[in-house]
Participant: 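What follows is a single structure, and I will ask about it in a moment.
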Amino acid sequence: MTTTTKYIFVTGGVTSSLGKGIIAASLAKLLQAQGYRVTIQKLDPYINVDPGTLNPYEHGECYVTEDGAETDLDLGHYERFLNRPTSQANNVTTGRIYQSVIQKERRGEFLGKTVQVVPHITDEIKERVQMLGKSGDYDIVITEIGGTVGDIESLPYIEAVRQLRWDLGEDNGIVIHLTLVPYLSAAGELKTKPTQHSVKTLMESGVQADILVCRTEHNLPKELRRKLALFCNVKENAVIQSIDASTIYDVPNLMLEEGLDKVVLEKLNLKSATPDIDTWNKFVHRHKNPKSEITIGLIGKYVELQDSYKSILEAFIHAGAENEVKVRVESVHSEYINSDNVKLKLGHLDGVLVAPGFGERGIDGKIDAVKFVRENNIPFLGICLGMQMAVIEFSRNVLGLADAASTEMDTETSNPVIGLMEDQKTITDKGGTMRLGAWACDLEIGSVVRDIYKAESITERHRHRYEFNGKYKAQLEAAGMKATGLNPDTGLVEIVEIPEHPWFVGVQYHPEYKSTVANPHPLFVAFVKASLNFNKRKKSATVA
Ligand code: GLN
C-alpha cells in the first residue's frame, strides 16, 4: 500500500448532468475492489454554505451523513457504491470556503495582508482537498468538481487543481475530464468539437486533462478516439467511452471494460489487479432478473422530480434485488389526493411510502393516504414527515382529537401531537440547526422493528425539527399505535407501529440514507417483502 495519498480530480465539460458523481463512484468502486482505500469528495461552486437550505426543486435531495452534514446527493452515490460512510469533509461549497476565510480574516490570521481569491481562497480549497488525504485513512482521494469548466464560479477550483498538481508532483495527482460527445442524427455523426473546446478551456487555466471520459449515446469508433487523443493531448488508451447505461449500477463494469481503472493506476504509478466485484455483480444480476413485480406508491410533493427522493428510490432498488422483485415506484402527488379520490389513486398499490418533507403543502393528502392504507391493511412506511402524518392521522381518526396537528403547520392547535423540542424553540437560523445526523435508538422487545433489525439498539440519521409529543404516548399506545423505538438519552419517540395492522411502521429518521448495494437497508427489505406478500395475498384472493 502507498504511503502518500494520491489525488484524482474529476472535472466536467460541455454540459452539466453528465453524471460525474456516478463516474467518480464507479472508478472508486473499481479501485476499492483492488484493495485501495478510497474516498470521494465533492466541491460545489455555489455560495450556499451547504445544500440544507436549498429547495429540492433547485438541487434535488439533501443527503445527510453520519456526522450530521447536509450535503450534495452525490455523496449518497458514493456511500451506496463504496459502502463506507462519508462526512462533512467530503462536501465543500464555495460558501463554506469563503465563510472560513472570512472568519480567519476577522481573527486577524492574515496579519494585515490583503485577502484575495489567489492565494487565500485557493489555499483554503487546497487545504480542504488534502484534509481527507492527511487523515491517513485513504490511499486515493477522488475530488469531483461541481459545475462545468468555463463557469466563472469554478475558476478558483480549477486554479487550485493547477497548483495542487505542481505541489503534489506528476504521478500523485491526475485529472479526469468528463465530457460529452454528441450524436447529430441529421448528419449521422458523433461530434468531437465540443470536447476539443472544453479541453482547450481547461488548458487556458493551465490544466491538462490526463484522461477523457466521453459520455455518448453510441459506441465511439477507433478513428474518433484517435482524433480525440490527438487534438486533446491525451494517450489513446486514456480516451474512455461512457455509453448510456440502463442502470447506474452497470457503470463500474462498463468502466472496467474500458480500462479506466487500469489507466488511472498506471498514471498514478500504482499496481493494478483484477478487481473483486463478485458481490456487486450478484446484486446487478438480481436487480436485472426479478422473479416478480410489485407497485409501491411514493406519496410526496416533489414527485415530478426524480432527484428529490433519490436515496428512497435507490433503497427500493437495493431492497428489490434482495427480494428478487422489481419494485415499480408509482409517484403520487400528495397535493392532489383527497378523501374522494384516495381509493382510485392508491387502491391498486401493494405498499405505500409517505415521504419526508417540510411545510404545509400537500399534508392533507398525506393524511388521507395514511388513513386509507391503515384501514385497508396496505403495508405502510412513513419517513420523517410521513411518520408525523401517521401520528396525526391516528390521533384524529382513532383517538378522536379532531384538531390534532403538528405545530409546524398549526401553531394554535389544542392537540400538538407533533411539536418543537424546547431546545429548538429559541433557534432562528435556518441553516444547519435541525436535529441532524446519527442518533441512537433502542428497540422495544417484541416489536416488528426489533425483529427486522435483529438488534436491541440501532443508530439512524435524522433531519428534522419537530418531534412526537411524549404527552400523547400513553393515549396513542392504549388505542393501538405503539412507540417501539426510543432515544436512550432523551426518551424521544423515533418509531411507531400498529401491531394490529399487517405492516405499519413510521420512523422519525431517514433509513434511506444508510442503504447501500452491499447492505440493503433492513427496513426497506422488510417493507418490500411485506408488499410482495400483500400482492400475493391479493392475487390468490382474486383467483379463489
Ligand atoms: N418538517 C418536519 C420536521 O422538521 C419533517 C422533516 C422531514 O421530513 N425531513 O420535523
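Note that the numbering runs from 1 along the sequence shown for the chain. In each ligand, atom 1 is the first atom listed, and ligand 1 is the first ligand listed.
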Participant: May I ask you to list the atoms of ligand 1 that are less than 4.0 angstrom from any heavy atom of E408?
Facilitator: 1 (N), 2 (C), 3 (C)
Participant: Between G357 and ligand 1, does any nitrogen or oxygen pair lie at a separation below 3.5 Å?
Facilitator: yes
Participant: Judged by non-hydrogen atoms, does Q388 sit under 4.0 Å from ligand 1?
Facilitator: yes
Participant: Between I142 and A24, which heavy-atom pair has the shortest distance, and what is it?
Facilitator: CD1-O, 3.8 Å
Participant: Taking K538 first and then D350, would you say they form a salt bridge - that is, a charged N and a carboxylate O separated by under 4.0 Å?
Facilitator: yes
Participant: Could you tell me whether L385 and ligand 1 have an N or O pair separated by under 3.5 Å?
Facilitator: yes
Participant: Over 60° means perpendicular and under 30° means parallel, so tell me whether H77 and F81 are parallel, tilted or perpendicular.
Facilitator: perpendicular
Participant: Can you find a non-hydrogen atom of H510 under 4.0 Å from ligand 1?
Facilitator: yes
Participant: Between H521 and F524, how do the two ring planes meet: parallel, tilted or perpendicular, split at 30° and 60°?
Facilitator: perpendicular
Participant: Could you walk me through whether E393 and K366 pass the salt bridge (charged side-chain N to carboxylate O under 4.0 Å, His left out) test, one step at a time?
Facilitator: CA-CA 9 Å; E393 189 279 323; K366 286 186 172 173; over 6 Å; no
Participant: For ligand 1, is any non-hydrogen atom under 4.0 Å from H464's backbone (N, CA, C, O), its side chain (CB onward), both, or neither?
Facilitator: both
Participant: Tell me, which protein residue and heavy-atom name are nearest atom 4 (O) of ligand 1, and how many Å apart are they?
Facilitator: R465 N, 3.0 Å
Participant: With a cut-off of 4.0 Å, which atoms of ligand 1 are near a heavy atom of C384?
Facilitator: 5 (C), 6 (C), 7 (C), 8 (O), 9 (N)
Participant: Show me which atoms of ligand 1 lie under 4.0 Å from any heavy atom of Y466.
Facilitator: 3 (C), 4 (O), 10 (O)
Participant: Out of all atoms in ligand 1, which are within 4.0 Å of some heavy atom of R463? Include the element for each.
Facilitator: 6 (C), 7 (C), 9 (N)
Participant: Can you check side chain to side chain donor-acceptor pair (under 3.5 Å) on E314 and Y309, steps first, answer last?
Facilitator: CA-CA 9 Å; E314 299 302 321; Y309 300 113; over 6 Å; no
Participant: Which atom names give the shortest non-hydrogen contact between D67 and S87, and what distance separates them?
Facilitator: OD2-CB, 3.3 Å
